[in-house]
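The structure displayed is predicted, hence computed values, not measured ones. What you see below is based on every heavy atom in this structure, not just the backbone, and it leaves out hydrogens, waters and symmetry mates.
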Amino acid sequence: MAIPTYLIHFGPTQPLWQQPGLIQVGTQIADGPGAIQLEAPSVSCLVGALRQRNWAECGVLLQYTDPFLIRAAPLQGVRKWPGPKVLACGDLHHGPTPIDHLKAYLMAEPHDAVLLTFNPALLKQVQQELDSPVRCLPPTFFRYPIAKRAAVPKPA
């Protein structure tokens, strides 16, 4: 059997994301052959669920999140995971200091690499701020439209 990838996210099970070797994990995910529901967002809960199923406690930990979720429900105990740890992060353009939140989280819960799922324009800035390798691979992002203020506003 190939080394599994545990995709931890905070939404419900995503059928279109499912593929061989990928196990979706999270607090809102229903248990199933390719999914594990966690009681809390922690690596210790994941390890406990793997032990209950007699599954190997190894593999790639792929955490899909954003600065809002990092503040509200951070995955705890990442440093205890025995395999590779990758953080896939989006929405770094929202809020007052999202990159600072990401940096603080990675200091507390280090990952081996970071993948920006949006915001390619912020890649260099994020690379300068973080100690982990950071990449952004198109087409995992889209461009947001930019509004420009009219010199003379038009009445509605």
Side-chain angles (χ1 to χ4, degrees), residues 1-123 126 129-130 132-145:
M1 181 173 142
I3 296 174
T5 297
Y6 299 102
L7 171 61
I8 296 182
H9 61 91
F10 291 93
T13 304
Q14 298 294 320
L16 296 177
W17 294 359
Q18 201 55 52
Q19 55 185 302
L22 181 93
I23 309 295
Q24 292 188 48
V25 179
T27 56
Q28 297 182 38
I29 293 176
D31 275 335
I36 298 173
Q37 183 177 36
L38 297 179
E39 291 180 24
S42 75
V43 167
S44 62
C45 284
L46 173 57
V47 169
L50 293 173
R51 286 182 183 158
Q52 284 181 330
R53 292 167 174 79
N54 292 320
W55 290 0
E57 297 170 31
C58 65
V60 177
L61 184 74
L62 175 58
Q63 180 183 1
Y64 182 57
T65 191
D66 62 49
F68 292 117
L69 290 171
I70 287 171
R71 286 190 310 244
L75 181 63
Q76 301 290 321
V78 174
R79 68 176 61 244
K80 295 177 184 174
W81 183 252
K85 302 168 280 286
V86 178
L87 181 89
C89 188
D91 290 337
L92 292 175
H93 56 282
H94 291 299
T97 57
I99 296 172
D100 290 342
H101 290 293
L102 175 60
K103 183 177 179 178
Y105 176 67
L106 288 170
M107 289 177 72
E109 299 289 355
H111 289 64
D112 298 310
V114 175
L115 175 64
L116 300 185
T117 59
F118 295 97
N119 311 109
L122 296 175
L123 178 61
V126 175
E129 292 288 330
L130 303 182
S132 304
V134 181
R135 303 284 183 269
C136 185
L137 305 172
T140 61
F141 65 91
F142 60 92
R143 294 186 186 271
Y144 289 91

For the pair W81 (side chain) and C58 (backbone), establish whether a donor and an acceptor sit closer than 3.5 Å, ignoring hydrogens and angles.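 Checked: no pair found.
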Can a donor-acceptor pair be found, under 3.5 Å and without considering hydrogens, that links the side chain of S132 to the backbone of H111?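 Flag set: sc S132 to bb H111 pair under 3.5 Å.
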Going by side chain to side chain contact (heavy atoms under 4.5 Å, CB included), name the residues that satisfy it together with L22, two or more places apart in sequence or in a different chain.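 Testing L22 for side chain to side chain contact (heavy atoms under 4.5 Å, CB included), a comparison that skips the adjacent residues, returns T5, L7, Q18, Q19, Q24.
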Say you draw a straight line from [atom1] of [X] to [atom2] of [Y]; how long is it, rounded to the nearest 0.5 Å?
X    : Y    : atom1 : atom2 : value
L62  : L115 : CG    : CG    : 8.0 Å
Y6   : L38  : OH    : CG    : 11.5 Å
L106 : C89  : CG    : SG    : 8.0 Å

What I'd like to find out is whether the side chain of [X] reaches to under 4.5 Å of the side chain of [Y], using heavy atoms alone.
X    : Y    : answer
K85  : Q63  : no
H101 : F68  : no
L92  : F118 : no
V47  : K80  : no
T65  : L87  : yes
Y105 : V78  : yes
L130 : I99  : no
L61  : I8   : yes

Verify side chain to side chain contact (heavy atoms under 4.5 Å, CB included) between Q52 and I36, making sure each step is shown before the conclusion. CA-CA 11 Å; Q52 284 181 330; I36 298 173; over 6 Å; no
Start with the C-alpha gap between L46 and V25, add the side-chain angles, then the distance that decides, and say whether side chain to side chain contact (heavy atoms under 4.5 Å, CB included) holds. CA-CA 8 Å; L46 173 57; V25 179; 4.0 Å; yes
Provide the closest heavy-atom pair for [X] versus [Y] in the form atom of the first, atom of the second, distance.
X   : Y   : answer
P67 : G90 : CD-O, 3.2 Å
A30 : A35 : O-CB, 3.3 Å
V60 : I3  : N-CG2, 4.2 Å
P74 : Q76 : CG-NE2, 3.1 Å
H9  : I29 : NE2-CD1, 3.5 Å

Under a 3.5 Å threshold, yes or no: a donor from one side chain and an acceptor from the other, between Y64 and Q14?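 Looking only at side-chain atoms, Q14 and Y64 do not form any donor-acceptor pair under 3.5 Å.
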For residues 94-114, pull every pair meeting salt bridge (charged side-chain N to carboxylate O under 4.0 Å, His left out), keeping only residues two or more places apart or in separate chains.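 As it turns out, the salt bridge (charged side-chain N to carboxylate O under 4.0 Å, His left out) pairs with a partner in residues 94-114, which skip direct neighbours, are K103-E129.
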Any salt bridge between D66 and R71, counting N to O under 4.0 Å?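 Looking at R71 together with D66, the answer is no, because their closest N to O distance does not fall below 4.0 Å.
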